[in-house]
Amino acid sequence: MSENLKIGIVGAGIQGVCSALFLQKKGFKVTLFDREDPGSPAASYGNAGHFSPYASIPLNRPDIILDIPSMLLSSAGPLALKWNYVPKMIPWFYNFLKNCTSKKMMHTAKYMHQILDIAIPAYDELFDEIDIAELVENKGIMYIWNDQNLKSRELEIKIRDEIGAEQQILNKKEIHDLEPNLKKIYHAGVFYKKAKHTKNPGKIWLKLFNLFLSKGGEFKKSEVETINFSEEKPIIKTKENSFNFDKILIACGAFSKKLTDKLDEKIPLDTERGYHIHFKNCENLISRPVVFSNRGFGMTPMEQGLRVVGTVEFGGLENKLSKGRIKNLVNNAKFLLDGLPEHDDEWLGFRPTLPDYLPVICPSKNYKNVFYSFGHHHLGWTLGAISGKIISQMMANENTNLDLEPYSSIRFF
Ligand SMILES: Cc1cc2nc3c(=O)[nH]c(=O)nc-3n(C[C@H](O)[C@H](O)[C@H](O)COP(=O)(O)OP(=O)(O)OC[C@H]3O[C@@H](n4cnc5c(N)ncnc54)[C@H](O)[C@@H]3O)c2cc1C
């Protein structure tokens, strides 16, 4: 039956492309729409490249509320605001604070763990069909910190033990043995052995997109303006044309709200803006991703050089890149490594984030042939394949054997 069904997907980021590939496996005929060519410049290109199955502890935590003012005031810290956006951000922030109880944090951790735990096997189903030999490294991911932050790290370590996420606590010597070029500013750390990283997220994204095309998938380079309906069947409207489908998926990352608002779903999606820079020819200074927890930034060895990634900036989708945040990344990288040259490639990207730090992976509450997959915040790269697999099973009316209610948009109403 799937063979006869036409699916339209709005957004060809990692979520859209992975969904398209899993839908094709089930025999659906899929068309992807994106205003840009896949591969860049969206979040799926510029991220830190971590596959992080361990990362189930969300940012909505009781202990973080007290830290927010000092984080905002520190120029070395991870948090920033665009003041012109503060009034628009107030409802999201109020909702976020309501989600900072221990109970809500544990709820998010449990249901992030449910999908993170099966995220890498889901990618393996797609990676079987493309050559990733030079692009994915199995060297784990290391977090380090100095002692002023140990208390909050202890909370995370305890919760990870409770939910069964594998971790190895590191002392100073073990950190030095793994990454001898790091300056010895650290006190302790944690190593996630099963985590992986890619040396070029954009290249993997493009390979997956080309696989989709090679299997007969269609791509329309166009901005989708609205969704109409004819007898419950969705019609995707671009500036130039209209396209009729049996079912559609909205997977526009942080931009999804522009379309869901038009479908009368008030989903409280906003963005946490993040940045990257590269230090060319410095990728060999470390062997694996290193995250410095105190300052909330990380460094990943990539094909383009050493990619330094970080910042959570609340400022919406329209404000320009902040030079102050670039300076923050440069200074932070120099805090951990000696001998870095001038940086290149200043990039701003948009993490799609809901106030409870769970994604929306569900059918629309108002239209039975419309589905959503967005809001994967800091983990949308890791969760690309598993979310796509779940969406394909939902669209095919199959049982996933997962508890999917926590990812429903109905939770906001
Ligand atoms: C600095 C930074 C570091 C990160 N590091 C990691 C990491 O290490 N590991 C991890 O798991 N995650 C990471 N993330 C998160 C991850 O990158 C994102 O969650 C993920 O890429 C989101 O994918 P997406 O497909 O939902 O959205 P996007 O990648 O944003 O793609 C959305 C696509 O929709 C298109 N689009 C939008 N609106 C329309 C429209 N109306 N019509 C047509 N097309 C449209 C856009 O052009 C875009 O191509 C990071 C994010 C940032 C910003």
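Counting convention: from 1, in listed order, for ligands and their atoms alike.
- When the heavy-atom distances from atom 23 (O) of ligand 1 to Gly253, Pro38, Gly13, Ser44 are ranked, the shortest goes to Ser44.
- Ring to ring, Tyr54 and Tyr143 are close: their centroids are under 6.0 angstrom apart.
- Annotation: cation-pi geometry not satisfied between Arg273 and Phe314 (NZ/CZ under 6.0 angstrom from ring centroid, within 45° of ring axis).
- Put simply, the residue from Arg160, Gln168, Glu166 that forms a side-chain hydrogen bond (donor to acceptor under 3.5 Å, both in side chains) with Tyr192 is Arg160.
- The part of Phe255 lying near ligand 1 is the side chain, judged by heavy-atom distances below 4.0 Å.
- Annotation: cation-pi geometry not satisfied between Arg61 and Tyr357 (NZ/CZ under 6.0 angstrom from ring centroid, within 45° of ring axis).
- Checked against a 3.5 angstrom limit, the closest N/O atoms of Trp205 and ligand 1 fall outside it.
- Residue contact annotation: Ala254 has no non-hydrogen atom under 4.0 Å from ligand 1.
- Residue contacts with ligand 1: Ser373 is placed with no nitrogen or oxygen under 3.5 Å of a nitrogen or oxygen of the ligand (distance criterion only).
- In this structure, the ring of Trp145 has its center no less than 6.0 angstrom from the ring center of Tyr186.
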Note to self: I'd like to know whether Arg325 forms a side chain to side chain donor-acceptor pair (under 3.5 Å) with Thr311, so could you lay out the CA-CA distance, the side-chain angles of the two residues, the decisive distance to 0.1 Å, and finally the verdict.
What the structure shows: CA-CA 7 Å; Arg325 298 319 297 173; Thr311 283; 3.0 Å; yes

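- Using the six-membered ring where Trp is involved, Tyr111 and His107 have ring planes that are tilted, between 30° and 60° apart.
- Within the structure, ligand 1 has Ser222 among the residues with a heavy atom less than 4.0 angstrom away.
- Inclusion of Gly46 in the set of residues having an N or O under 3.5 Å from an N or O of ligand 1 is not warranted.
- Polar contact with ligand 1: present for Ala48 (N/O pair, distance under 3.5 Å).
- Both the sub-6.0 Å distance and the 45° axial angle are not jointly satisfied by Arg153 relative to the ring of Phe292.
- The closest protein non-hydrogen atom to atom 33 (C) of ligand 1 is Asp34 OD2, 3.4 Å.
- For Phe243 and Phe33, the distance between ring centers is under 6.0 angstrom.
- Below 3.5 Å of separation, one finds no N or O of Ser52 facing any N or O of ligand 1.
- For atom 12 (N) of ligand 1, the closest non-hydrogen atom on the protein side is His378 O, 2.8 Å.
- Close N/O approach between His377 and ligand 1 is found [any backbone or side-chain N/O within under 3.5 Å].
- Checking only distances, Val10 never comes within under 3.5 Å of ligand 1, N or O to N or O.
- Checked against a 3.5 angstrom limit, the closest N/O atoms of Glu36 and ligand 1 fall outside it.
- Of the candidates Lys6, Lys233, Lys29, Lys233 is the only one forming a side-chain hydrogen bond (donor to acceptor under 3.5 Å, both in side chains) with Asp246.
- The shell of residues lying under 4.0 angstrom from ligand 1, judged by heavy atoms, includes Gly49.
- The heavy atom nearest to atom 37 (C) of ligand 1, out of those in Gly16, Cys252, Gly310, is found in Cys252.
- In this structure, Glu223 has a heavy atom closer than 4.0 Å to ligand 1.
- Around atom 50 (C) of ligand 1, the closest heavy atom drawn from Ile250, Asn47, Thr271 belongs to Asn47.
- Atom NZ of Lys327 has 12 or fewer neighbouring heavy atoms from other residues, nucleotides or ligands inside a 6.0 Å radius.
- Residue contacts with ligand 1: Ile14 is placed with a nitrogen or oxygen under 3.5 Å of a nitrogen or oxygen of the ligand (distance criterion only).
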Notebook entry, point to check: Could you walk me through whether Tyr372 and Ile267 pass the side-chain contact (heavy atoms from CB on, under 4.5 Å) check?
Noted result: CA-CA 11 Å; Tyr372 302 140; Ile267 301 173; 4.0 Å; yes

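- Checked by distance only, ligand 1 and Gln15 come closer than 3.5 Å through their nitrogen or oxygen atoms.
- Protein heavy atom in closest approach to atom 53 (C) of ligand 1: Arg351 CG, 3.5 Å.
- If you look at Phe96 and Trp92, their ring centroids are closer than 6.0 Å.
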